[in-house]
Amino acid sequence: MKHSTWIVLIVASLMTGCITGLDAGHPRGQITTKRAEFMLSFDDGPLPETEQVLDILATLKAIDGKPVKAGFFLLANAPEEFWQQRFYYAPYELWIDKGSISKYPKIARRIKQAGHSIGNHTTNHTWFRWTWLDTPEAVQGEFIEWEAISKRVLGASNMRLFRPPYLILNTSVRETAERLGYQIVMGELAGDAVPNMTVDEIMQKTQSILAAWNRPYPCLLIFHDNRPATYQHLDEIVSNLQHQGFQLVHFDAKRL
Ligand SMILES: [Zn+2]
């Protein structure tokens, strides 16, 4: 091997050592790295399990010491019949109970009364890759019907937040959301929707997302009301992150 190659290798390994030292957090006390802030959001409610999520949230304190406020991206009228679900949902999804403002209006109101933010997650949890649903009329219909049902149950709202189901943001979805004045709110999947994902694995995943977070705004984690790991263990998952030094802040779409 040439001398120059050896020099490159030695310099590279020294640099790697440096970077690893910085990531470790406290290199000789010279650099204090502020741990990332994170917000919570929940998709696919409202449904009975949402009540357990709300109970847990009331016990979790944000960095200001107050019970944390989260973002809930609700469905207005998700299909309940198996074959109707096949018409709207992703082909890889098995039978899954999803939320519905029209079916569970009291739970939707409880979310609002607790001071959480509510966003549009479409009426039917539409997989916008189905050709019959990826038309301007169908896409707009998903927004408009959601608005009508939401207004009837929750009253008028100035909050116009949208998260596409499956995080599929194709051109027609993006253009429709923007034309209707919505802020599109994406986020980082906590992993609770992955089949067989354990609570420990969700803790590991959320921890590594936050450890790598380097954007100038808080990380918005995405959970799902209808997953046992979330409605039974959310407090453990969030406490674990707080013990790592990550800072729980209230959901605030203006900061995203
Ligand atoms: Zn969803």
Side-chain angles (χ1 to χ4, degrees), residues 39-54 57 70-82 84-104 107-108 111 116-130 133-134 138-139 141-147 149-150 153-154 159-170 172-174 176-177 180 182-197 202 205-206 209 219-231 234 237 251 253 256:
M39 298 178 184
L40 303 176
S41 65
F42 301 88
D43 288 4
D44 298 1
L47 69 177
E49 291 86 345
T50 307
E51 303 238 48
Q52 293 182 59
V53 174
L54 290 170
L57 288 177
F72 282 81
F73 291 83
L74 304 182
L75 302 168
N77 197 16
E80 292 181 53
E81 300 302 321
F82 181 81
Q84 205 192 359
Q85 292 188 352
R86 301 302 89 204
F87 183 84
Y88 287 103
Y89 294 177
Y92 56 81
E93 271 199 293
L94 302 174
W95 177 289
I96 292 169
D97 281 333
K98 293 194 194 289
S100 165
I101 298 174
S102 22
K103 189 172 180 192
Y104 301 108
I107 299 173
I111 297 171
H116 301 295
S117 300
I118 289 177
N120 186 333
H121 195 44
T122 72
T123 302
N124 294 294
H125 207 268
T126 305
W127 200 66
F128 284 116
R129 294 206 172 101
W130 290 125
L133 296 171
D134 186 16
V139 173
E142 286 291 323
F143 283 84
I144 301 297
E145 191 184 351
W146 188 95
E147 288 175 15
I149 293 171
S150 170
V153 172
L154 299 167
M159 208 176 281
R160 291 178 85 72
L161 307 175
F162 174 70
R163 175 175 289 155
Y166 313 99
L167 298 179
I168 295 173
L169 194 56
N170 61 22
S172 49
V173 174
R174 181 194 295 275
T176 307
L180 296 173
Y182 280 89
Q183 177 184 344
I184 295 165
V185 180
M186 304 299 263
E188 304 299 314
L189 292 164
D192 62 343
V194 177
N196 304 324
M197 190 93 148
I202 294 170
K205 182 171 163 72
T206 49
I209 291 170
C219 174
L220 176 58
L221 293 175
I222 302 176
F223 292 89
H224 295 80
D225 307 27
N226 55 359
R227 302 298 171 145
T230 294
Y231 65 79
L234 178 68
I237 296 166
F251 176 86
L256 298 171

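Counting convention: from 1, in listed order, for ligands and their atoms alike. For the single chain, residues carry numbers from 1 onward in sequence order.
- Protein N/O/S atoms closer than 2.8 Å to the Zn ion (ligand 1), listed by chain and residue number, are Asp44 OD1, His121 NE2, His125 NE2.
- In this structure, Lys98 fails the cation-pi test against Tyr88, since its NZ or CZ atom is not both closer than 6.0 Å to the six-membered ring centre and inside 45 degrees of the ring normal.
- A donor and an acceptor atom, one from each side chain of Ser150 and Asn120, are nowhere located under 3.5 Å apart.
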With a cut-off of 3.5 Å and sequence neighbours excluded, list every side-chain donor-acceptor pair involving residues 45-54.
| unit_1 | atom_1 | unit_2 | atom_2 | d |
| --- | --- | --- | --- | --- |
| Thr50 | OG1 | Leu47 | N | 2.9 |
| Thr50 | OG1 | Leu47 | O | 2.8 |
| Thr50 | OG1 | Asp225 | OD2 | 2.8 |
| Glu51 | OE1 | Arg110 | NH1 | 2.5 |

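- Using bins of under 30°, 30° to 60° and over 60° for the plane-to-plane angle, the ring pair Tyr89/His125 lands in the perpendicular bin.
- Atom CZ of Arg174 has 12 or fewer neighbouring heavy atoms from other residues, nucleotides or ligands inside a 6.0 Å radius.
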Working for ring-ring contact (aromatic ring centres under 6.0 Å, His included), residues His224 and Tyr231: CA-CA 8 Å; His224 295 80; Tyr231 65 79; over 10 Å; no

